[in-house]
Amino acid sequence: MNGRTLWLLGAGLLCMAGTVAAVETQGLPGTNPHPVQLRRPPVAQLSAMAQLGQKIFFDASLSSSGALSCASCHSPDHAYGPPNDGPVMLGGPAQSRQGTRAVPGLTYLERQPNFSIGPEKDEDDNVVDFAQLAALGQQAPRARKVATGTAASAVNIVPQGGLFWDGRADTLQDQAIFPLLDPNEMDGGSIEIVAQKLRQASYAPRFAELFGAGVFDNTRLLVAEAMFAVARYQVEEPSFHPYTSKFDYWLEGKARLNESEVRGLQLFNDPDKANCGGCHTSQPTRDGLPPLFTDHQYEALGAPRNAALAGNRDPDHFDLGVCGPYRTDIAEQTQYCGMFLTPTLRNTATRRVFFHNGVFTSLEQVLDFYNFRDTNPEKVFPRGADGAVRKYDDLPEKYHGNVDVSDPPFERHPGDTPAMTAQDEADIIAFLKTLTDGYQPER
């Protein structure tokens, strides 16, 4: 592939991603022929509130073991994701209890919408509750999600937004309290125990400075303000949303993609190939915000069961995502059982486990799953005692109809040609590595 072919391919990719591109002028091979100006969050000195939140974020004394802080599972050295290669993190008083799901990263959550069902509403729209929208969603046709037409999927009446794999928290403040009290994680015990530890912390005078000495007399207020401070730290600290990947600089015309990365970007956005961009949108917003590589929606993909999880030793135990067991408010909407939040793919190459149950340990395994789930399921699912392939073995059979079989590449059938070749997968992984923060542009 010569330089001009590579340049033209890059120009075509911009069209595919929804950015108008023309090819009248020459450019360097692998560069974006029509760079954009990205709008990144402003960088400023942390406020006093955020500085307090930083201390709390790294305070292991709030855990029952005295050895686990927020940063233990959300390591700054690992894009605020897990630092180990286990499917879940270990917590509790002796750090021996398994967490229930793979630890998600904390980067790029500043633009995460609140949990809702169906398209986002304008302020003057009538308020419709979850149950009404869910019922409507059972009747409404579902638009196919493809990278070249993601706007169509915006009308789908499916869950979107929220934090955690099941969206049960809407704010960073609410998110922070769950692992603090979870007996399998930091195991703080109770609001009262956590509050007492905050009163005795070395940074306790900061609470009095910010909220007045009376804050120590109100247990719930004290803990709420502590979690708000953690949220402010996540919002203000630039390393939670730096947008410094090679792809960001490529969008701005400050970096060049090599041949494999360019091919990977094309395959990423090709509806006849990987179609990753159907859910992990790769184009900037119209006003210049960098792409988040997620549409914030929920999908049931039917990933294999992870035998390494202690809870899965019980054959009747199933993690149903939005339907529970940890979220309970829409459990009756069984058409969503098995759905989990689509995560950002930023910094995905730094992760060591993937999907909500940590069943995959490499990007190669993830792409094999997408590639062979429907054409050669025996390559990704186990066989039962009778020799039959146990497809969707981590989801009760009555919910198998919720699994996505319409969006490419999942519309294929046994015996069909898989969407990707081995080289395609390698090129996509090369592109995914351009989404890792910390790249130093050439100019």
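The first residue of the sequence shown is numbered 1, and numbering continues consecutively from there.
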Asks: Supply the atom-to-atom distance F228 CZ to I56 CD1, rounded to the nearest 0.5 angstrom.
Replies: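 The CZ atom of F228 sits 11.5 Å away from the CD1 atom of I56.
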Asks: Using ring centroids (six-membered ring only for Trp), state whether Y370 and F410 fall under 6.0 Å.
Replies: yes
Asks: Atom CG in L221, atom CZ in F216: separation rounded to 0.5 Å?
Replies: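 So the CG of L221 and the CZ of F216 are separated by 11.0 Å.
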Asks: Under 6.0 Å from the ring centre and within 45 degrees of the ring axis: does the NZ or CZ of R168 meet both conditions for the six-membered ring of F115?
Replies: no
Asks: Is D374 salt-bridged to K391, cutoff N-O under 4.0 Å?
Replies: yes
Asks: Would you call F372 and P377 a side-chain contact if the rule is heavy atoms closer than 4.5 Å?
Replies: no
Asks: Is it the case that the side chain of D437 and the backbone of T244 share a donor-acceptor pair, with hydrogens and angles ignored and the cut-off at 3.5 Å?
Replies: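 Judged by distance alone, yes, a pair lies under 3.5 Å.
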Asks: Do the two ring centres, one from H241 and one from Y108, sit under 6.0 Å apart?
Replies: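 Here the rings of Y108 and H241 have centres that are no less than 6.0 Å from each other.
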Asks: Apply the test side-chain hydrogen bond (donor to acceptor under 3.5 Å, both in side chains) to residues Y80 and S239: give CA-CA distance (whole Å), side-chain angles for both, the deciding distance (0.1 Å), then the verdict.
Replies: CA-CA 9 Å; Y80 291 99; S239 59; 2.7 Å; yes
Asks: When you look at NZ of K55, are more than 12 heavy atoms from neighbouring residues, nucleotides or ligands closer to it than 6.0 Å?
Replies: no
Asks: At what distance, to the nearest 0.5 angstrom, does CE of M89 lie from OG of S72?
Replies: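 The CE atom of M89 sits 6.5 Å away from the OG atom of S72.
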Asks: Minimum heavy-atom separation for L320 and P396, please, with both atom names.
Replies: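 Shortest heavy-atom contact: CD2-CD, 3.7 Å.
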Asks: Should we say atom CD of E397 is surrounded by more than 12 heavy atoms from elsewhere, each under 6.0 Å from it?
Replies: no
Asks: For the residue pair W250 and F247, does the interplanar ring angle fall in the parallel (under 30°), tilted (30 to 60°) or perpendicular (over 60°) class?
Replies: parallel
Asks: Are the side chain of N402 and the backbone of C337 linked by a donor-acceptor contact shorter than 3.5 Å?
Replies: yes
Asks: Where do P183 and R97 come nearest, in terms of heavy atoms and distance?
Replies: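 P183 and R97 have their closest heavy atoms at O-NH1, 2.9 Å.
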Asks: Between D394 and R305, does any NZ, NE, NH1 or NH2 come within less than 4.0 Å of an OD or OE carboxylate oxygen?
Replies: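 Judged by the 4.0 Å cut-off on N to carboxylate O distance, R305 and D394 do form a salt bridge.
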Asks: May I ask you to check whether F369 and F355 place their ring centers less than 6.0 Å from one another?
Replies: yes
Asks: For N184 and T100, does a side-chain donor sit closer than 3.5 Å to a side-chain acceptor?
Replies: no
Asks: For residues L341 and G161, report the shortest heavy-atom separation together with the two atoms involved.
Replies: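 Heavy atoms only, the tightest pair is CD1-O, 4.2 Å.
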Asks: Using the six-membered ring wherever Trp is involved, compare the ring planes of F268 and H280 and label them parallel, tilted or perpendicular (cut-offs 30° and 60°).
Replies: tilted
Asks: Parallel, tilted or perpendicular: which one describes the rings of F340 and H356, with boundaries at 30° and 60°?
Replies: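 Judged by the thresholds at 30° and 60°, the geometry between F340 and H356 is parallel.
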Asks: In the structure I gave you, are the side-chain heavy atoms of P82 and C73 within less than 4.5 Å of one another anywhere?
Replies: no
Asks: Look at the side chain of N312 and the backbone N and O of L309, then say whether any donor-acceptor pair between them is shorter than 3.5 Å.
Replies: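 Not at all, since once roles are kept as given, no pair shorter than 3.5 Å links the two residues.
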Asks: Can a cation-pi geometry be assigned to R327 and F178, taking NZ or CZ under 6.0 Å from the six-membered ring centre and within 45° of the ring axis?
Replies: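 No - R327 does not lie over the ring of F178 by the 6.0 Å and 45° rule.
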Asks: Show your reasoning for whether side-chain contact (heavy atoms from CB on, under 4.5 Å) applies to Q54 and L46.
Replies: CA-CA 9 Å; Q54 182 179 35; L46 295 182; 4.1 Å; yes
Asks: Can K246 and E261 be counted as an ion pair, charged N to O under 4.0 angstrom?
Replies: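 Between E261 and K246 there is a salt bridge, with a charged N closer than 4.0 Å to a carboxylate O.
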Asks: How many angstroms lie between CG in N357 and CG in D319, if you round to the nearest 0.5 Å?
Replies: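 That separation rounds to 8.0 Å.
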Asks: Does some side-chain heavy atom of I429 sit less than 4.5 Å from a side-chain heavy atom of E364?
Replies: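 E364 reaches I429 side chain to side chain.
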Asks: Distance alone, cut at 3.5 Å: any donor-acceptor contact between the side chains of T285 and R111?
Replies: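 No, R111 and T285 have no side-chain donor paired with an acceptor closer than 3.5 Å.
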Asks: side-chain contact (heavy atoms from CB on, under 4.5 Å), that's the test. Do D368 and K379 meet it? Break it down for me.
Replies: CA-CA 8 Å; D368 280 348; K379 292 188 176 184; over 6 Å; no
Asks: Testing the 3.5 Å rule here: is there a donor-acceptor pair between the side chains of T361 and Q365?
Replies: yes
Asks: Donor-acceptor pair, D404 side chain versus S406 backbone, under 3.5 Å?
Replies: yes
Asks: Please assess N218 against V215 for the test side-chain contact (heavy atoms from CB on, under 4.5 Å), listing each intermediate value before the final yes or no.
Replies: CA-CA 6 Å; N218 188 323; V215 72; over 6 Å; no
Asks: So, W165 side chain and V322 main chain: donor-acceptor pair closer than 3.5 Å or not?
Replies: no
Asks: Counting N and O atoms only, with roles assigned by atom type, does the side chain of D386 sit under 3.5 Å from a partner on the main chain of A388, one being a donor and the other an acceptor?
Replies: yes
Asks: Name the residue from S63, P179, S65, P93 that meets the side-chain contact (heavy atoms from CB on, under 4.5 Å) definition with D187.
Replies: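 Between D187 and the candidates, side-chain contact (heavy atoms from CB on, under 4.5 Å) is satisfied uniquely by P93.
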Asks: With distance as the sole test, does T344 use its side chain to make a donor-acceptor pair with the main-chain N or O of L292 at under 3.5 Å?
Replies: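 A pair under 3.5 Å: yes.
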Asks: Hey, is the main chain of R351 close enough, under 3.5 Å, to the side chain of H78 for a donor-acceptor pair?
Replies: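 Not at all, since once roles are kept as given, no pair shorter than 3.5 Å links the two residues.
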Asks: Less than 4.5 Å apart, any side-chain heavy atom of Q283 and any of P291?
Replies: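 A side-chain contact is absent here, since even the closest heavy-atom pair is not under 4.5 Å.
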Asks: Please name the pair of heavy atoms, one in F360 and one in P304, separated by the smallest distance, quoted to 0.1 Å.
Replies: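 Between these two residues, the closest heavy atoms are CZ-CD, 3.5 Å.
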Asks: Please report the C-alpha distance between D248 and R346 in whole Å, then the side-chain angles of each, then the deciding distance to 0.1 Å, and finally whether the salt bridge (Lys or Arg N to Asp or Glu O under 4.0 Å) criterion is met.
Replies: CA-CA 10 Å; D248 291 310; R346 286 182 171 273; 2.7 Å; yes
Asks: Taking the six-membered ring of F381 as reference, does the cationic atom of R390 (NZ for Lys, CZ for Arg) lie under 6.0 Å from its centre and within 45° of its axis?
Replies: no
Asks: Considering only heavy atoms from C-beta outward, does the side chain of T436 approach that of S245 to under 4.5 Å?
Replies: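 Side chain of T436 against side chain of S245, heavy atoms only: no contact under 4.5 Å found.
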Asks: Show, in sequence, the C-alpha distance, side-chain angles and deciding distance for M49 and R206, and conclude whether the side-chain contact (heavy atoms from CB on, under 4.5 Å) test is met.
Replies: CA-CA 9 Å; M49 183 74 74; R206 296 288 186 93; over 6 Å; no
Asks: Looking at Q98 and A310, would you say the former's side chain and the latter's main chain have a donor-acceptor pair under 3.5 Å?
Replies: yes
Asks: Taking all non-hydrogen atoms of both residues into account, name the closest pair between V43 and P238 and its distance.
Replies: CG1-CG, 3.9 Å
Asks: For a quick check under 3.5 Å, do Y203 and D59 share a side-chain donor-acceptor pair by atom type?
Replies: yes
Asks: Listing request: all side chain to side chain donor-acceptor pair (under 3.5 Å) pairs with a residue in residues 422-433, at least two apart in sequence or in separate chains.
Replies: S260-D427, R263-D427, K273-D424, N371-E425, T421-D424, Q423-D427
Asks: List the steps, then state whether side-chain hydrogen bond (donor to acceptor under 3.5 Å, both in side chains) holds for D174 with T171.
Replies: CA-CA 5 Å; D174 289 341; T171 68; 3.2 Å; yes
Asks: Please name the pair of heavy atoms, one in R373 and one in L301, separated by the smallest distance, quoted to 0.1 Å.
Replies: NH1-O, 3.0 Å
Asks: Hey, what do you get for OG (S64) to CG (L181), rounding to the nearest 0.5 Å?
Replies: 11.0 Å
Asks: With a 6.0 Å cut-off on ring centres, are Y233 and F240 close enough?
Replies: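 Between Y233 and F240, the centre distance is under 6.0 Å.
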Asks: Without swapping roles, check the side chain of Q112 against the backbone of G162 for a donor-acceptor pair under 3.5 Å.
Replies: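 It does hold such a pair.
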